[in-house]
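Right, one structure below, let's go through it.
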Protein chains: 2
Amino acid sequence: MSPPLIAVPLRADKIGISKPFLSVEGRQKLALIASLSHYDAGDILFHEGDRATSILNIVSGVGKSYSFLPDGREVIQAFLFPNDLIGPLDGDYFVNTVKAITPLVAYTLPLTALVQLLQSDPNLQWQFLTKACHELRLAQQHAIALSQNSAKQRLLMLLNLLRLHNEPRGANASQIHLPMSRADIADYTGLAVETVSRGLHQLQREGIIRLINQQCIEIIDQKVFTAALVSEA
Amino acid sequence: MSPPLIAVPLRADKIGISKPFLSVEGRQKLALIASLSHYDAGDILFHEGDRATSILNIVSGVGKSYSFLPDGREVIQAFLFPNDLIGPLDGDYFVNTVKAITPLVAYTLPLTALVQLLQSDPNLQWQFLTKACHELRLAQQHAIALSQNSAKQRLLMLLNLLRLHNEPRGANASQIHLPMSRADIADYTGLAVETVSRGLHQLQREGIIRLINQQCIEIIDQKVFTAALVSEA
DNA sequence: CGTGGAGTTGAACGATGTCAATCTTAGTGG
DNA sequence: CCACTAAGATTGACATCGTTCAACTCCACG
């Protein structure tokens, strides 16, 4: 039996309530087949079309999973954060290229060992299934976000995504760190870089956010922010 | 342990190569806990927010899984075809409303029984995991389609989706049946109904398709069609 | 100091949404 | 069997928003 797609960009906790990615027990079992790797910012972890021999579990750092449109533009399917699993597969092959945006540390999980482990451990596999379903919902939400035409709305959703990933880091909850470039944001939101820039400054003019520097944004008022996130036209 | 999201709109074979949804063995085991139900066109199978006690496996007919934007517009996450599993859950609750577009026949799978079955049968669960991952990729492709601005491109992708689901039915392979309304197409592609109409007629003017009637479209030349699908700006 | 890449800003164009009117279709009842 | 009706689909005119192209600014790095 060919090992079909196991992995996917699985994110632990993106929208609202977060649950631990794996049980302690599950982590221990995975640790037995895992090894730690370090990557520099800009390193490519996997190439689209490559044969997959392993998938990664991010420990720290941020990455992006993307592919190319026929016209050469880049489309970012997902940003990858700590606790995420990296490796969207089709059969044995990667369907996306994955690149480190910041320096990145990750566990390497050999594919064959992982498949065997999951097949023999329904409980652990169950956690992966749960995760995959959760991930699916996030992808659908992303799709919705993209189908809404408002550039402002798309940017707000991205900021909210980053906000939820920043909080655990203990930093000031109203400060959002943007590890990726404007071009990455554009490729993720499906907008032009110029529109991203204009949109962010527009949000600043409206008093919703404050641009501290290119990598850092402050949310003026959480309530106003979430209100805009939900109801903006 | 609360049974987390199991189900998701799982489609068997959407893009290119199709594999049977479940092994014969798997089907037999599921059949033991399943019962058959019939629905009329327009019937609502599940309500967003309802507590889920079961999920469905479509035998025949077409459905749609959708939710509402704050402004009241409807967003269609996915069209559901035979062999699909219906029931995107979050915890025990449905996150989407599901409605029958055509008369629909489906197996009902009680949730608790299904969870137990999967937990005790790693092989069967594996097929569900595989399916969920496949589904995830489809959702991502849908997201890409929506992020591409060209209305024509979005329509071509929808037509291709329907084409792949029509072929098995043995009908003339160049004929595509559209079971859903223009409004549904609009809600799926993120376009306005008027744009859908204009786009289809535009494709006809370009000689790519022919509008036979409101529910039926013919592809003039497969090669031209797929070429447009891939490379259209 | 330059130099180059990333980010910002401006102006014009084009695609799509919106509104309103018209046409088609399917379904109903006489 | 036909006329009527209401919902769906199409078409046109116009407004809006985002893209595109181009120039400019701001840093980071040598």
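Order of the sequence lines fixes the chain letters, A, B, ..., with proteins taken first and strands second; residue numbering starts at 1 for each chain.
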Contact class for A:G190 (heavy atom, under 4.0 Å): base, sugar-phosphate, or nothing?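 Result for A:G190 = sugar-phosphate.
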
Would you check if there is a donor-acceptor pair between the side chains of B:S37 and B:T108 at a distance under 3.5 Å?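 A pair is found: one side chain offers a donor N or O, the other an acceptor, under 3.5 Å apart.
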
Are a donor atom and an acceptor atom from the side chains of A:Q222 and A:R163 found within less than 3.5 Å of each other?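 A:R163 and A:Q222 do have a side-chain donor-acceptor pair below 3.5 Å.
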
Sub-3.5 Å donor-acceptor pair from the side chain of A:S197 to the main-chain atoms of A:E194, do we have one?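 No, because the side chain of A:S197 does not come within donor-acceptor range (under 3.5 Å) of the backbone of A:E194.
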
When you measure from the side chain of A:T189 to the backbone of A:I185, do you find a donor-acceptor pair of N or O atoms at a distance under 3.5 Å?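 Side chain of A:T189 to backbone of A:I185, a donor-acceptor pair under 3.5 Å: yes, one is there.
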
Within this structure, what is the [atom1]-to-[atom2] distance between [X] and [N], rounded to whole angstrom?
{"X": "A:Q215", "N": "C:dA6", "atom1": "CD", "atom2": "C1'", "answer": "11 Å"}
{"X": "A:L211", "N": "C:dG7", "atom1": "CG", "atom2": "C1'", "answer": "11 Å"}
{"X": "B:D187", "N": "D:dA9", "atom1": "CG", "atom2": "P", "answer": "12 Å"}
{"X": "A:L155", "N": "C:dT8", "atom1": "CG", "atom2": "P", "answer": "11 Å"}
{"X": "A:Q153", "N": "D:dC17", "atom1": "CD", "atom2": "C1'", "answer": "15 Å"}
{"X": "B:H201", "N": "D:dA9", "atom1": "NE2", "atom2": "C1'", "answer": "8 Å"}
{"X": "A:R182", "N": "D:dC26", "atom1": "CZ", "atom2": "C1'", "answer": "12 Å"}
{"X": "B:D71", "N": "C:dT18", "atom1": "CG", "atom2": "P", "answer": "9 Å"}

Are A:F79 and A:H165, when compared by the centres of their aromatic rings, separated by less than 6.0 Å?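 No, the ring of A:F79 stays outside the 6.0 Å limit from the ring of A:H165, centre to centre.
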
Name the closest nucleotide to the [X] side chain, picking from [options].
{"X": "B:A192", "options": "C:dG17, C:dT9, D:dT20", "answer": "C:dG17"}
{"X": "A:L191", "options": "C:dT9, C:dG7, D:dT19", "answer": "D:dT19"}
{"X": "B:E194", "options": "C:dA20, D:dC21, D:dT19", "answer": "C:dA20"}
{"X": "B:S181", "options": "C:dT16, D:dA9, C:dG7", "answer": "D:dA9"}

If you assign A:Q214 and A:T195 each to the DNA chain D nucleotide with the nearest heavy atom, which residue ends up on the more 5' nucleotide?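 Checking each residue's closest nucleotide, the 5'-ward one belongs to A:T195.
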
Take A:A151 and B:V193, find for each the nucleotide of DNA chain D with the closest heavy atom, and name the residue whose nucleotide sits nearer the 5' end.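 Looking at the nearest nucleotide for each, B:V193 comes out on the 5' side.
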
Starting at the 5' end of DNA chain C and moving along, which residue's nearest nucleotide shows up first, A:M180 or B:V196?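 So the residue in question is A:M180.
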
Counting only side-chain nitrogens and oxygens, does A:R198 get under 4.0 Å of the OP1 or OP2 atom of C:dT8?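 No, outside the criterion.
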
